[in-house]
Structures are given as structure tokens and as C-alpha cells.
There are 2 protein chains.
Amino acid sequence: MDTIPIAEAAAELDVSVRTLRYYDAIGLVAAQRDGSGYRRYGDGELHRARAVLQWRAMGFTLEEIRLLESGDTSHRAAALRRRAQELRSELDRLGSALDSVNGMLEQLPETTQAGIQKEGEADMDNEYAEEAYERWGNTDAYKESARRTASYGETEWNSIRAETARIERAASDLLREGVSAEDEAAMDVAEDHRLSIDRWFYPCSYEMHTALATTYVSDPLFRQHYEDVAVGLADYLSAAITANALRMTQG
Amino acid sequence: MDTIPIAEAAAELDVSVRTLRYYDAIGLVAAQRDGSGYRRYGDGELHRARAVLQWRAMGFTLEEIRLLESGDTSHRAAALRRRAQELRSELDRLGSALDSVNGMLEQLPETTQAGIQKEGEADMDNEYAEEAYERWGNTDAYKESARRTASYGETEWNSIRAETARIERAASDLLREGVSAEDEAAMDVAEDHRLSIDRWFYPCSYEMHTALATTYVSDPLFRQHYEDVAVGLADYLSAAITANALRMTQG
DNA sequence: CTTGACCCTGACGCCACGTCAGCCTCTACC
DNA sequence: GGTAGAGGCTGACGTGGCGTCAGGGTCAAG
């Protein structure tokens with residue numbers, strides 16, 4: 001047997017010596033002993049310790065780990081699901097805490113670094129718009145979109161919002177009613193969608209439209225936006241857009 | 001003076017009686033005493049306690065709070081920034097933990113929970129999810145995203161919504177304050193954004209992230225979404241994401 | 001035989017309270 | 001005046017996952 005002393009094992013596992021002694025004390029990772037009472041770690045012990053550390057990295061307590069290691073698989077699945085739930089609420093809590101901290105930072109009067117906004121904001125818009133242009137201005141869609149939206153005011157944006165909301169409502173109504181995405185009604189909504197983009201932003205071909213549809217399902221934020229409106233709407237709208245493109249270009 | 005006994009103060013502040021006694025003992029929130037040694041809380045004490053609880057909600061230790069309450073404003077700003085940094089790394093750690101848990105759950109052979117869900121809705125989801133898969137399933141991002149989101153329920157989507165809202169707020173706050181998109185704070189938010197996608201949807205490399213940023217500025221609906229949150233946010237976030245990717249891959 | 005590196009056990013400290021145990025005070029009712 | 005019950009008080013111990021001594025044993029090198 002090629003066993004190693006505790007310091008080497010600790011280095012190998014990237015934990016402290018104290019930690020290994022503690023695990024030994026509570027019987028979580030038992031160590032062998034040599035003639036003079038020194039702990040010795042072999043492959044088995046290291047393997048077991050690594051498993052323990054893996055559970056620990058998931059945030060389980062040592063007591064929970066003891067149960068996990070002795071229990072059966074169904075028990076594990078349940079524990080994992082519970083733990084995932086706990087982690088999520090923990091993430092929520094920390095996220096809110098970070099919000100509060102950021103809120104506090106703003107309120108502090110002496111965080112007055114940089115800009116006096118009045119002029120700042122307008123310049124800022126231009127600044128980043130220009131940056132964006134330099135980086136991605138070569139795509140025609142962006143150029144045209146930027147050109148048109150430049151002249152839009154509050155009234156126009158309100159119209160756009162209202163129209164978008166209307167289209168999304170129409171689509172989610174169809175989805176809820178169980179109408180197939182290949183149904184004419186669904187494809188009509190998709191066509192409305194395309195025309196809306198065409199009107200407000202840039203010439204939207206069927207090819208461009210299906211490319212957008214790809215984004216709707218593959219980009220998480222899009223999915224989320226549509227998920228907020230109705231469950232499964234992103235997939236539904238994508239399917240309708242594709243069906244519509246097929247109908248228009250081939251049928 | 002209209003003072004109230006400890007139980008009422010505890011109810012008012014939504015903490016335990018023990019907590020108030022502890023705060024009294026360590027001199028953090030000192031209580032008045034009546035003739036027979038009972039603690040009494042007036043407006044001043046309640047106000048002070050609320051301030052303490054606010055700091056506590058941000059994750060400061062009681063010792064730190066003692067310093068914050070006695071220190072000057074510049075000290076506070078520094079402490080808040082440090083705390084924000086700590087919270088971010090804490091969020092990272094928990095996010096990784098959640099990743100590991102989810103990874104474990106998948107590996108388990110008997111994850112046979114599947115659908116007992118009302119059939120109708122589930123079938124609908126599956127139907128269009130499968131269609132989407134056939135059309136765009138070749139992209140890894142979509143595959144991974146679909147696989148993960150399949151198991152998400154209301155709680156998960158709520159978490160995602162909360163996290164996304166938090167990040168967007170953080171970004172728009174910075175934009176409003178006039179912080180440059182190349183500033184560390186802005187890049188930190190961009191990194192948060194990337195990690196959020198990484199956690200909830202699919203492995204998001206810096207390259208993938210910059211590709212997403214392109215979409216944010218060039219796609220009208222994205223622009224509109226961000227325009228609703230804050231004027232110029234799409235461009236700002238894109239710039240921050242690009243800067244962050246540069247920092248991480250080159251710096 | 002000394003030196004210094006490593007090992008051992010046992011004990012206390014930490015943080016923000018929860019949870020007794022044992023006793024005191026006030027109000028309401030008899 | 002007695003008594004019951006609600007609420008108050010202090011002091012002490014427990015929690016988890018170790019870090020950090022204190023006091024001592026073991027081992028290889030010089």
C-alpha cells in the first residue's frame with residue numbers, strides 16, 4: 001500500500017490538515033493509523049474524501065453528506081432536488097442583498113463621480129450608439145434600424161409597444177386555444193409580426209424573419225420574455241414564423 | 001414618551017425577542033429600562049433597529065454594522081463597494097453549486113419524474129419543443145438550453161425573472177449615474193449577466209456572450225425591451241459585455 | 001544529542017442567535 | 001389576600017465547520 005501522511009493528503013485534496021482530522025473525528029472520512037498513531041491516507045480514503053468534498057461544494061452539510069453516502073439512490077435524488085431549491089432561494093436572497101447594496105451606493109451623496117447628467121445623458125446615448133455603430137454598423141439591418149429609430153419619439157415608441165403587445169396577445173390566445181402553429185390563423189399572426197418589424201425597423205424578408213425566430217428560441221432572454229407572456233410562446237411563435245415563411249415562399 | 005415592551009417591538013420589527021435582547025447585550029441597539037428592569041422601546045430605538053436590520057439584510061456582520069453606524073460616509077461607500085464585490089463572488093459560488101447539483105441530478109439514472117402534468121399543456125410544450133429541436137437542434141446552445149429549461153417550474157422561472165430584473169436594474173443604474181461601460185462596475189454587471197445565462201441556460205463563453213451582445217443592439221425587439229427599462233440601455237449593455245469579454249480574455 | 005519538521009489530542013473561539021432553566025413582575029379574577 | 005397566566009429578566013449551553021493555540025510525542029538529519 002502506498003499511503004501518504006496527512007499533510008500530503010491535505011495538499012492533494014486542497015483542504016487544511018485540520019479539516020481532515022475533523023472528518024476523521026466525526027467518522028466521515030476515517031483514516032488508517034500507523035504504528036505510532038499517525039494518520040495515513042491511501043487511495044480508498046482519498047477517493048472517499050473527494051466524494052465528500054464534492055457534496056460539500058454543492059452546499060450540503062456534513063451531516064447530510066453522511067446520509068447521502070449511506071442512503072440509496074432515490075434518497076439522493078430527493079435530496080438533490082431539495083438542495084437545488086434551497087440554492088435557488090439563497091441565490092434570490094443574495095441577489096436582493098446586492099440590489100440593496102447598489103441602491104445604498106447610489107443614495108450616498110458623495111458618490112458624485114463623473115457626470116452631471118443634464119448634458120451627460122444625451123451625450124452618453126450618442127457615445128454608445130456610435131460605438132455600437134463602429135462595431136456592428138456593417139449589418140444592413142442595424143443601419144436601417146438605427147436610421148429609422150433615430151427619429152422616433154415617445155409617440156412612436158408607444159405605438160410600437162402597443163402593436164407588439166397586441167401581436168403577442170394574439171399569439172398567446174391561439175396557443176391557449178390549442179390552435180396549431182401551422183394553422184392559417186397562427187401564420188397570419190406571424191405575418192403581422194413580420195410586417196410590424198418591416199414597418200418600424202427594417203425591411204424584413206422571410207429569410208430574415210426565420211433567422212429572428214431562431215433567436216427567439218435560442219436566446220434565453222427572448223425565451224424568458226415570451227415565457228412571461230405565456231408558457232411555450234417562444235417555441236410556438238417560432239414555429240408559426242417558420243410555417244409562415246414556408247407558406248409564403250413555397251405555397 | 002410612548003414606549004412599547006420588547007415583544008411588541010419584536011413584532012413591529014419582525015425579529016425575535018431574543019434578537020433584540022442580543023442587540024441590547026452587545027450594545028448595538030440599546031434599550032431603555034423601566035422601574036422594574038423591563039426593556040422599553042421608543043421611536044428612537046425602533047428607528048435605530050430598523051437601520052441595523054437594513055444593513056443586516058445586505059449581509060453585513062453585526063460588527064461591521066457597528067462600524068458603519070459610527071463611521072463617516074466615505075468609510076460607508078468603501079464598505080458598500082467591498083460588500084458588493086463579496087456578494088458577487090458569493091453569487092458565483094452558489095451558482096456553481098447549483099450547476100453541480102443539476103449536473104448530479106442528470107447523471108442519476110432514475111430521474112424518472114417526467115410528466116404527470118395535465119397532459120394538455122405538457123403535450124403542447126413537447127410538440128413545439130420537438131419542432132424547434134428538429135429545426136435548430138443542431139446548435140449546441142439551443143440543445144443545452146432546452147434540456148435544462150425542460151425541468152424548470154414556476155419557482156425557477158421566478159428566480160430567473162428576479163435575477164434578470166436585478167441585472168437590468170444594476171446596468172441601468174450605472175448608465176444613469178454616468179459610469180462608463182468600460183468601468184469595472186459595468187464590466188462586473190456584464191459578467192453577472194454572462195454567469196446568469198451560464199447558470200440557467202447554457203455554457204456561455206465570452207465569444208458567445210459577445211455574439212449575444214450583437215443581437216441586443218441589432219434586433220429591434222431587444223432594443224425595445226431595453227429601451228423600456230432605460231434609454232440607451234441596449235447599447236450600454238452591449239458595450240459593457242464587449243469590454244468585459246476583452247478584459248477576461250486579454251487582461 | 002540536538003534541532004527542526006511533522007504528528008497527536010484536547011480545548012477554546014467564532015457568529016448570531018435558538019432554546020432551555022430558574023426566577024421576577026404585572027394584571028385579572030376570586 | 002391568593003392565585004393563575006402572561007410576559008419579563010439573566011445566565012448558560014448548543015449550533016457548524018472548522019481556525020488556532022497549548023502541551024506533548026515521533027522521526028530523520030547533522
Side-chain angles (χ1 to χ4, degrees), chain A residues 3-42 45 48-69 83 86-87 90 93-94 97, chain B residues 3-42 45 48-69 83 86-87 90 93-94 97:
Chain A
T3 60
I4 55 177
I6 193 168
E8 279 182 45
E12 175 77 22
L13 296 165
D14 198 26
V15 297
S16 73
V17 170
R18 176 70 175 99
T19 297
L20 286 183
R21 280 205 268 254
Y22 182 62
Y23 289 177
D24 192 11
I26 65 175
L28 192 56
V29 179
Q32 308 172 34
R33 300 296 183 118
D34 70 5
S36 56
Y38 284 21
R39 289 180 185 80
R40 293 249 129 206
Y41 290 83
E45 286 78 16
R48 183 160 168 78
R50 264 187 279 267
V52 166
L53 293 175
Q54 210 174 349
W55 292 118
R56 193 188 63 166
M58 299 180 199
F60 287 101
T61 69
L62 299 186
E63 185 54 34
E64 285 170 325
I65 294 173
R66 189 203 307 282
L67 295 176
L68 281 167
E69 291 277 88
R83 185 76 199 120
E86 290 167 11
L87 281 171
E90 193 69 9
R93 276 203 21 249
L94 285 189
Chain B
T3 60
I4 54 176
I6 193 168
E8 279 183 45
E12 175 76 22
L13 297 166
D14 199 25
V15 298
S16 73
V17 170
R18 177 69 175 100
T19 296
L20 286 183
R21 280 204 269 253
Y22 182 62
Y23 289 178
D24 192 10
I26 65 174
L28 192 56
V29 180
Q32 308 171 33
R33 298 299 181 116
D34 70 4
S36 56
Y38 283 21
R39 290 179 184 80
R40 293 248 128 206
Y41 290 83
E45 285 78 16
R48 185 161 168 78
R50 263 187 280 268
V52 166
L53 294 176
Q54 211 174 348
W55 292 117
R56 194 188 62 167
M58 300 180 199
F60 287 100
T61 69
L62 299 187
E63 186 53 34
E64 285 170 325
I65 293 173
R66 190 204 307 283
L67 295 177
L68 281 168
E69 292 277 88
R83 185 75 199 122
E86 289 168 13
L87 281 171
E90 193 68 8
R93 277 204 19 250
L94 285 191

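Remember, it's a predicted structure, so these values are computed and weren't measured experimentally. Every chain is numbered from 1 and lettered A, B, ... according to where its sequence line falls, protein lines coming before strand lines.
Rounded to an integer number of Å, the gap from A:Ile4 CD1 to C:dC7 C1' is 15 Å. Look at CD on A:Glu63: it is 14 Å from P on D:dC18, rounded to the nearest Å. For the pair B:Arg66 CZ and C:dC15 P, the computed distance is 11 Å after rounding to whole Å. Between the C1' atom of D:dT10 and the CG atom of B:Leu20 lies a distance of 16 Å, rounded to the nearest Å. Per the geometry, CG belonging to B:Asp34 stands 17 Å off P belonging to C:dC24, to the nearest Å. Note: CD1 (A:Ile26) to P (D:dC18) measures 8 Å, nearest angstrom. Rounded to whole Å, the distance from CZ on A:Arg40 to P on D:dC27 is 11 Å.
Across the interface with DNA chain C, nearest-nucleotide mapping of A:Pro5 and B:Ser16 shows A:Pro5 to be the residue nearer the 5′ end. Comparing B:Ala7 and A:Tyr23 by the nucleotide of DNA chain D that holds the closest heavy atom to each, the one mapping nearer the 5' end is B:Ala7.
What you find for B:Ala7 and B:Val17 is that their closest heavy atoms are CA-CG2, 4.1 Å. Nearest heavy atoms, A:Glu45 versus A:Val29: O-CG1, 3.9 Å.
Comparing C:dC8, D:dG19, D:dC9 by their nearest atom to the side chain of B:Arg39 picks out D:dC9.
Remark: A:Tyr38 is not in phosphate contact with D:dC27, judged by side-chain N or O atoms under 4.0 Å from OP1 or OP2. One finds a side-chain N or O of A:Arg56 lying less than 4.0 angstrom from the OP1 or OP2 phosphate oxygen of D:dC18. Between A:Arg18 and the phosphate of C:dC8, there is no side-chain N or O to OP1/OP2 separation shorter than 4.0 Å. Side-chain N/O atoms of B:Arg33 include one lying less than 4.0 angstrom from OP1 or OP2 on D:dT10. Note on B:Ser36: a side-chain N or O is less than 4.0 Å away from OP1 or OP2 of C:dC26.
Using a 4.0 Å heavy-atom criterion, one finds that A:Ile6 contacts the sugar-phosphate atoms exclusively. At a threshold of 4.0 angstrom between heavy atoms, the contacts of A:Arg21 include nucleobase atoms, whether or not backbone atoms are also involved.
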Give me the distances for all protein-to-nucleotides 1-3 of chain D N/O pairs that come in under 3.5 Å?
none

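You won't find any donor-acceptor pair under 3.5 Å spanning the side chain of A:Tyr22 and the base of D:dG16, going by distance alone.
The existence of a salt bridge linking A:Glu63 and A:Arg66 is confirmed by a sub-4.0 Å separation between a basic side-chain nitrogen and an acidic carboxylate oxygen. In this structure, B:Arg83 pairs ionically with B:Glu86, as a charged nitrogen and a carboxylate oxygen lie closer than 4.0 Å.
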Sequence neighbours left out, cut at 3.5 Å: what donor-acceptor pairs do the side chains of residues 51-58 of chain B make with other protein atoms?
residue: B:Trp55; atom: NE1; partner: B:Glu69; partner atom: OE1; Å: 3.2
residue: B:Arg56; atom: NH1; partner: B:Tyr23; partner atom: OH; Å: 3.4

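Other residues, nucleotides and ligands contribute more than 12 heavy atoms inside 6.0 Å of the CG atom of A:Asp34.
At a threshold of 4.5 Å between non-hydrogen side-chain atoms, the residues A:Gln32 and A:Arg39 do not count as touching.
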- Residue pair B:Tyr41, B:Leu13: steps toward the side-chain contact (heavy atoms from CB on, under 4.5 Å) verdict: CA-CA 11 Å; B:Tyr41 290 83; B:Leu13 297 166; 5.9 Å; no
